[in-house]
Amino acid sequence: MKQIVESEPLINLAVDCMAEVQAAAFTRGIDLPRELFDQAIVFSQGLGEFKSSMLQDLEARKPLEYEAFNGIVVKLLRPTGKPAPINQTFYATLQCLDQGIREEASANQHASA
């Protein structure tokens with residue numbers, strides 16, 4: 001988290017990602033005020049060397065929750081014609097990483113059987 005909040009380009013990327021989440025929420029009648037973005041950044045600045053649960057899962061070679069975090073944003077915005085390039089990029093990247101983790105786990109399971 002520290003690396004993100006200490007980098008202006010990564011903060012901008014996070015804010016743009018949150019804007020896509022905001023647009024997706026709006027498709028379901030949920031209004032996420034812009035002030036929440038700033039609050040999330042300020043909160044994150046206080047976390048220091050904190051590792052997100054998905055990073056912990058990635059490092060532990062566990063299945064990733066990309067569908068719930070990024071896939072839903074892409075899927076909600078697609079029918080509206082609104083792009084979600086950041087969440088789409090994260091989704092595709094995490095899907096690829098997750099597939100590798102699952103294939104590795106399957107191979108290890110078959111090797112030990």
Side-chain angles (χ1 to χ4, degrees):
M1 196 60 64
K2 184 178 180 192
Q3 291 173 315
I4 294 171
V5 297
E6 289 182 349
S7 166
E8 192 66 31
L10 292 179
I11 289 174
N12 292 336
L13 183 65
V15 168
D16 290 345
C17 182
M18 288 185 266
E20 292 176 10
V21 171
Q22 180 186 44
F26 193 73
T27 69
R28 294 295 188 246
I30 300 167
D31 182 30
L32 298 176
R34 175 65 175 80
E35 298 82 45
L36 290 177
F37 299 13
D38 297 328
Q39 290 172 7
I41 298 298
V42 169
F43 175 79
S44 297
Q45 288 170 333
L47 295 176
E49 296 291 336
F50 175 81
K51 290 184 181 184
S52 69
S53 62
M54 194 172 327
L55 177 56
Q56 291 177 45
D57 288 343
L58 179 64
E59 290 177 344
R61 310 301 293 163
K62 293 181 180 178
L64 305 178
E65 300 174 318
Y66 60 93
E67 192 68 49
F69 290 108
N70 307 103
I72 190 68
V73 174
V74 173
K75 290 175 182 167
L76 288 173
L77 289 179
R78 186 175 293 136
T80 71
K82 292 182 181 176
I86 295 164
N87 277 279
Q88 178 62 50
T89 300
F90 290 164
Y91 180 73
T93 303
L94 292 166
Q95 186 177 37
C96 182
L97 290 170
D98 187 65
Q99 182 179 353
I101 289 168
R102 290 172 191 267
E103 287 172 359
E104 180 180 291
S106 179
N108 289 340
Q109 190 176 44
H110 291 321
S112 65

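Among all heavy-atom pairs drawn from Thr80 and Leu76, the shortest one is CG2-O, 3.8 Å. Here the closest non-hydrogen pair linking Ile101 and Pro63 is CG2-N, 4.3 Å. The nearest pair of heavy atoms linking Glu65 to Ser53 is OE1-OG, 4.3 Å.
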Check: Yes or no on side chain to side chain contact (heavy atoms under 4.5 Å, CB included) for Lys75 and Tyr91, after CA distance, side-chain angles and deciding distance?
Finding: CA-CA 11 Å; Lys75 290 175 182 167; Tyr91 180 73; 3.7 Å; yes
Next item on the list: With side chain to side chain contact (heavy atoms under 4.5 Å, CB included) as the test, would you mind laying out the steps for Met18 and Ile86 before giving the verdict?
Entry: CA-CA 9 Å; Met18 288 185 266; Ile86 295 164; over 6 Å; no
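In this structure, Arg34 and Val15 have side chains that are in contact, with non-hydrogen atoms separated by less than 4.5 Å.
Of the inter-residue distances, the one linking Arg102 atom CZ with Lys62 atom NZ reads 13.0 Å to the nearest 0.5 angstrom. Interatomic distance, Asp31 CG to Gln22 CD, rounded to the nearest 0.5 Å: 7.0 Å. Atom CE of Met54 is separated from atom CG of Leu97 by 10.0 Å, given to the nearest 0.5 angstrom. Note that SG of Cys17 and CG of Asn70 are 6.0 Å apart. Values are rounded to the nearest 0.5 Å. Between the CZ atom of Arg61 and the CD atom of Glu59 there is a distance of 10.5 Å, given to the nearest 0.5 Å.
With no hydrogens or angles considered, no side-chain donor-acceptor pair links Gln95 and Gln99 at under 3.5 Å.
Looking only at distances, a side-chain donor or acceptor of Thr93 sits under 3.5 Å from a matching main-chain atom of Thr89. Remark: side-chain polar atoms of Glu20 are not paired, donor with acceptor, to backbone N or O of Val73 under 3.5 angstrom.
The side chain to side chain contact (heavy atoms under 4.5 Å, CB included) check on Glu49 picks up Lys2, with sequence neighbours excluded.
Placement of Phe69 and Leu64 within a single hydrophobic cluster is found when ILVMFWY residues are connected by side-chain heavy-atom separations under 4.5 Å, directly or transitively. Residues Leu47 and Ile4 do not share a hydrophobic cluster, clusters being chains of Ile/Leu/Val/Met/Phe/Trp/Tyr side chains in contact below 4.5 Å. Hydrophobic clustering (side-chain heavy atoms under 4.5 Å, transitive across Ile, Leu, Val, Met, Phe, Trp, Tyr) groups Tyr66 together with Leu58. Grouping the Ile, Leu, Val, Met, Phe, Trp and Tyr side chains by contacts below 4.5 angstrom, directly or via other members, places Phe37 apart from Val42. Residues Ile41 and Leu10 fall into different hydrophobic clusters, defined by Ile, Leu, Val, Met, Phe, Trp and Tyr side chains chained together at heavy-atom separations under 4.5 Å.
Val5 shares a hydrophobic cluster with no other residue; no ILVMFWY side chain has heavy atoms under 4.5 Å from its own.
A 6.0 Å sphere centred on CD of Gln56 holds more than 12 heavy atoms belonging to other residues, nucleotides or ligands.
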